[in-house]
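Below: the structure, in structure tokens.
What you see is a predicted model, and the numbers here were worked out from it, not measured in a lab.
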Amino acid sequence: MLGYPRIGPRRELKRALERYWHGDGTRAELLAVGRRIRESTWDDLRARGITQIPGNTFSFYDHILDDAVLMGAVPHRFGDLVGDLSPVDTQFALARGRADLAPLELVALQGTPYHYRQPEFEDSSVLGLRPRELLAEVARAHELGIDIRPVVTGPLSLLLLSKPAPTAGPGFRPISLLDRLLEQYEALLGSLAEAGVTCVQFDEPCMTMERTSFEIGRLRHAYDRLSAVGTRPRILVTGQYGDLGGALPALAATGIEAIGLDLVHGYRPAAELAAVPGLAGKRLYAGVVDGLNVWRTDKFAVLDYLRELKTTFGDLVVSTSCTLLHVPYDVAAEPGLPAELEDSLAFAEQKVAEVVSLAEALVDGPTPRWRPLPVLPSARREDVRARTARVDDDDEVRLPYAQRAPLQAERLGLPVLPTATLGSFPQTVQIRRARRDLADGRIDYERYCEYLRQEIASLIRLQEDIGLDVLVHGEVERNDMVQYFAELLDGFAATRHGWVQSYGSRCVRPPILYGDVARPAPMTVEWTGYAQTLTERPVKGMVTGPVTMLARSFCRTDLALPEVATQLALVIRDEVADLERAGVAIVQIDEPAIRELLPRRGADRRAYLEWSVATFRLASAGARPDTQIHTHLGYSSLREMKEAIERLDADVTAIVATRSIEWVLDALTDHTLTRQVAPGVYESRSGFVPDIDLLHERLLKGVAAVGVDRLWAVPDGGLKTRYTWQLEPSLRNLVTAARRIRRAVARER
């Protein structure tokens, strides 16, 4: 197996992190929690029969950030911190920022629900190996009698996952630093060999994406060089989340000893793998147990495949397709799941058991305890299928933007450069406690609703006092933007303890999508409608889009994603209509994950973008012409994604762009995006409080690119993870910066 969850079975890491960040816990206490999680994972894997235990997979925040720091890749703007802070606090500063220092950018790891802090490089980056923490972990494992296999992001992926620092010269690309970076990897190999490590794992997830011949050539160069190091551990290179494509023969031609393949999402027939020159001479880690989803493995079918592979690859290791970071710990901790699903699911512990069982069966044959996969319930709704079948192209068309925009302007009466947020506000201790009390039966639903109404009223007063032009109800009733809706829809199952790390201390419980989707009742109208009664300013309705619902759920593998997305789109279309009837004039359909589901290779991308765009349009096209439809998207700088954003036909598109704003401005300048846009001007997931001048400067860039009449002033995400003492000054500064520009515009006009 290639990695394991690290938050603790009961989110012990999350609680320890937040106690430390709040000042309620010491660094020693935090480090002790990390040590317990790490060592209990090793013990558990050893007890379950895993013979090659991955190490260096634990992180207090993000493993990609850890590996950048391991190589000394600390941006110059953080340089003063290195000598003053402990290693763990240095990483927190890079990841979370401070009131006076913006953090590294938060970016989705494509094809997964995970987000990482994006390393930054420039020509003058000073690299230098910092292996003390890693070597201490190796030494501790050896004390416990465990020979761990350290896992490190490979050199190509570390650079390809990175971005140029803001101070980098024009045309600079991080990959140009490969040879300097390889010096650190060579030193790492020597240090690990000296510490008694027998095998090291380098993960190259970027190589299962669309790559140029130049990049593949650089991969070959890197592993030719690393495999030539005189004294070193064996090298395992993994290609997770898809097919290595042209990178596979390049790796097979190098002197590395082992290659790990994702044979779930990058399946290849055994005969095709056998034909790759040089591959048969490597140890092959066959990733046949799905690390991205929670459904049981068909062990009989997989065993047949493994036997075919074994005829060519004498040194065959049964493995997961990727790290198990992306699945919950243990399905046995979920007694409340629908009975028909109980025997169909496998979380991390069950997947480990599948790996061990398959490895043993490859030698001794299946045991009598093996059983075929159960027949999953159809969960079929004929009324849903019939409605989906009636959808046609006309259902995806609104009145043209040029005609509906004046109607919206007249209805809303907003100033130029409107100010707003993107949905969520911090959830108070009282609201979290009320939600727990409701679940445990200590309060009734009406008392819970009273807490929510009080909180919504308080947030409306706060936003009016700050001076925002468009308000939100704060999403105080929602545990998560996907889970909340899934719990109110037919076709989904929710877990109680199925937590998965999204980033840092942020954990989510992805729902399990197993059948046709229907909406028994309105889901957001009560709270948004109540908020609208408290103010004369427009309050946005907030719903999660169909693609994001799919991307952040564990979707049954035999369901057709376009069909399920259409069902979700119809559900959202009905919700939009109900919000309109409640007097809501703006509805935001969030699609931050539309980029995350984009296939990793170009051949499949066009089809995906066709149906993902169509489902968004279906969800929104039923709205009245004078209802303004917003959407919120993640980092989407690929040209094909910009074209897809335009085809969504949203009236206002908010885009995560805090430190990637250049591509947004390019898209505006070259008229790829022609409607209103809201490029986020400060990061909502960090402690950084932007001052008025910085926000004014960023807004002016947008005005210069597109003109003031098409621009909105917003943060780049929801504010759920912030504290009121952080968000209030940030939003006041945002409003002041926008008003400064409005005054200048008024003078000119």
Side-chain angles (χ1 to χ4, degrees), residues 10-11 14-15 17-19 21-24 420-466 468 471-488 494-499 502-511 521-535 539-544 552 579 582 584 588 590 632 684-685 687 715 717-731:
R10 293 293 181 267
R11 294 184 296 162
K14 172 186 174 66
R15 295 186 176 92
L17 284 170
E18 293 179 353
R19 282 197 302 271
W21 292 339
H22 296 168
D24 299 326
T421 68
L422 296 183
S424 63
F425 268 67
Q427 298 209 338
T428 62
V429 172
Q430 292 80 2
I431 288 298
R432 294 179 186 273
R433 183 181 299 120
R435 188 176 294 131
R436 289 194 300 270
D437 288 346
L438 177 67
D440 295 338
R442 288 188 290 270
I443 62 173
D444 60 21
Y445 183 69
E446 184 50 45
R447 180 61 178 142
Y448 174 67
C449 290
E450 183 57 33
Y451 281 120
L452 296 184
R453 285 190 285 267
Q454 292 172 6
E455 188 69 14
I456 290 170
S458 175
L459 289 176
I460 292 295
R461 289 193 298 270
L462 173 63
Q463 292 172 85
E464 287 185 325
D465 183 65
I466 289 172
L468 293 168
L471 313 185
V472 295
H473 78 288
E475 302 180 12
V476 297
E477 80 285 9
R478 304 183 192 183
N479 38 29
D480 173 74
M481 67 180 299
V482 172
Q483 182 190 347
Y484 172 78
F485 289 98
E487 290 177 348
L488 297 174
T495 66
R496 288 206 65 180
H497 306 293
W499 296 101
S502 177
Y503 62 89
S505 67
R506 171 70 172 147
C507 301
V508 296
R509 284 182 288 158
M523 302 176 289
T524 66
V525 175
E526 179 179 4
W527 308 116
T528 306
Y530 172 68
Q532 188 62 81
T533 67
L534 302 176
T535 181
V539 176
K540 277 194 295 186
M542 307 293 304
V543 294
T544 302
R552 297 184 180 174
L579 286 166
V584 174
Q588 182 170 304
D590 281 327
H632 173 215
S684 59
R685 296 178 180 86
L719 302 170
K720 181 178 180 179
T721 61
R722 294 299 93 224
Y723 307 107
T724 300
W725 61 265
Q726 293 170 327
L727 71 86
E728 186 171 344
S730 299
L731 291 177

key: Basic-acidic side-chain contact under 4.0 Å: Asp480, Arg506   =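 Result for this pair is yes, salt bridge flagged.
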
Kindly give the heavy-atom pair with the smallest separation between [X] and [Y], and that separation in Å.
X: Pro511; Y: Arg552; result: CD-O, 3.6 Å
X: Val472; Y: Phe425; result: CG2-CE1, 3.6 Å
X: Phe485; Y: Met542; result: CZ-O, 3.7 Å
X: Ala582; Y: Val525; result: CB-CG1, 3.8 Å
X: Ala434; Y: Ile443; result: O-CD1, 3.5 Å
X: Leu731; Y: Pro715; result: CD2-CG, 4.2 Å

Those residues that, when tested against [X], pass side-chain hydrogen bond (donor to acceptor under 3.5 Å, both in side chains) (two or more places apart):
X: Thr528; value: none
X: Ser505; value: Glu18
X: Arg478; value: none

inquiry  = Using a 6.0 Å cut-off, check whether atom CZ of Arg442 has over 12 heavy atoms from anything other than its own residue.
reply    =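 Count over threshold, so yes.
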
ask   = Would Leu452 and Ile431 satisfy side-chain contact (heavy atoms from CB on, under 4.5 Å), going step by step from the backbone distance to the final call?
value = CA-CA 7 Å; Leu452 296 184; Ile431 288 298; 3.8 Å; yes

inquiry  = Assess the residue pair Lys540 and Leu422 against the criterion (side-chain contact (heavy atoms from CB on, under 4.5 Å)); give the C-alpha distance rounded to whole Å, side-chain angles, the decisive distance to 0.1 Å, and a yes or no.
reply    = CA-CA 9 Å; Lys540 277 194 295 186; Leu422 296 183; 4.1 Å; yes

key: Inter- and intrachain pairs under salt bridge (charged side-chain N to carboxylate O under 4.0 Å, His left out), touching residues 452-465, at least two apart   =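 Applying salt bridge (charged side-chain N to carboxylate O under 4.0 Å, His left out) to every pair that reaches into residues 452-465, excluding sequence neighbours, yields Glu446-Arg453, Glu450-Arg453, Asp465-Arg732.
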
message = The test is side-chain contact (heavy atoms from CB on, under 4.5 Å); show your working for Val476 and Trp527 and say whether it passes.
response = CA-CA 9 Å; Val476 297; Trp527 308 116; over 6 Å; no

For the atom pair [atom1] ([X]) and [atom2] ([Y]), what is the distance rounded to the nearest 0.5 Å?
X: Thr544; Y: Glu475; atom1: OG1; atom2: CD; value: 7.5 Å
X: Gln427; Y: Arg432; atom1: CD; atom2: CZ; value: 5.5 Å
X: Leu462; Y: Glu728; atom1: CG; atom2: CD; value: 5.0 Å
X: Asn479; Y: Arg435; atom1: CG; atom2: CZ; value: 5.5 Å
X: Thr535; Y: Ile460; atom1: OG1; atom2: CD1; value: 6.0 Å
X: Gln463; Y: Thr421; atom1: CD; atom2: OG1; value: 5.5 Å

query = So do Gln454 and Gln430 actually touch side chain to side chain, heavy atoms under 4.5 Å?
reply =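 They are not in contact (no side-chain heavy atoms under 4.5 Å apart), so the answer is no.
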
message = So Glu477 and Tyr484, do their side chains get closer than 4.5 Å, heavy atoms only?
response =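 They are in side-chain contact.
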
key: Partner set under salt bridge (charged side-chain N to carboxylate O under 4.0 Å, His left out) for Arg436, not counting sequence neighbours   =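 So Arg436 forms no salt bridge (charged side-chain N to carboxylate O under 4.0 Å, His left out) with any residue.
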
key: side-chain contact (heavy atoms from CB on, under 4.5 Å) against Ala420, all qualifying residues, sequence neighbours excluded   =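 Here the qualifying residues are Val470, Trp712, Val714.
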
From CA spacing to verdict: side-chain contact (heavy atoms from CB on, under 4.5 Å), His473, Leu459 = CA-CA 7 Å; His473 78 288; Leu459 289 176; over 6 Å; no

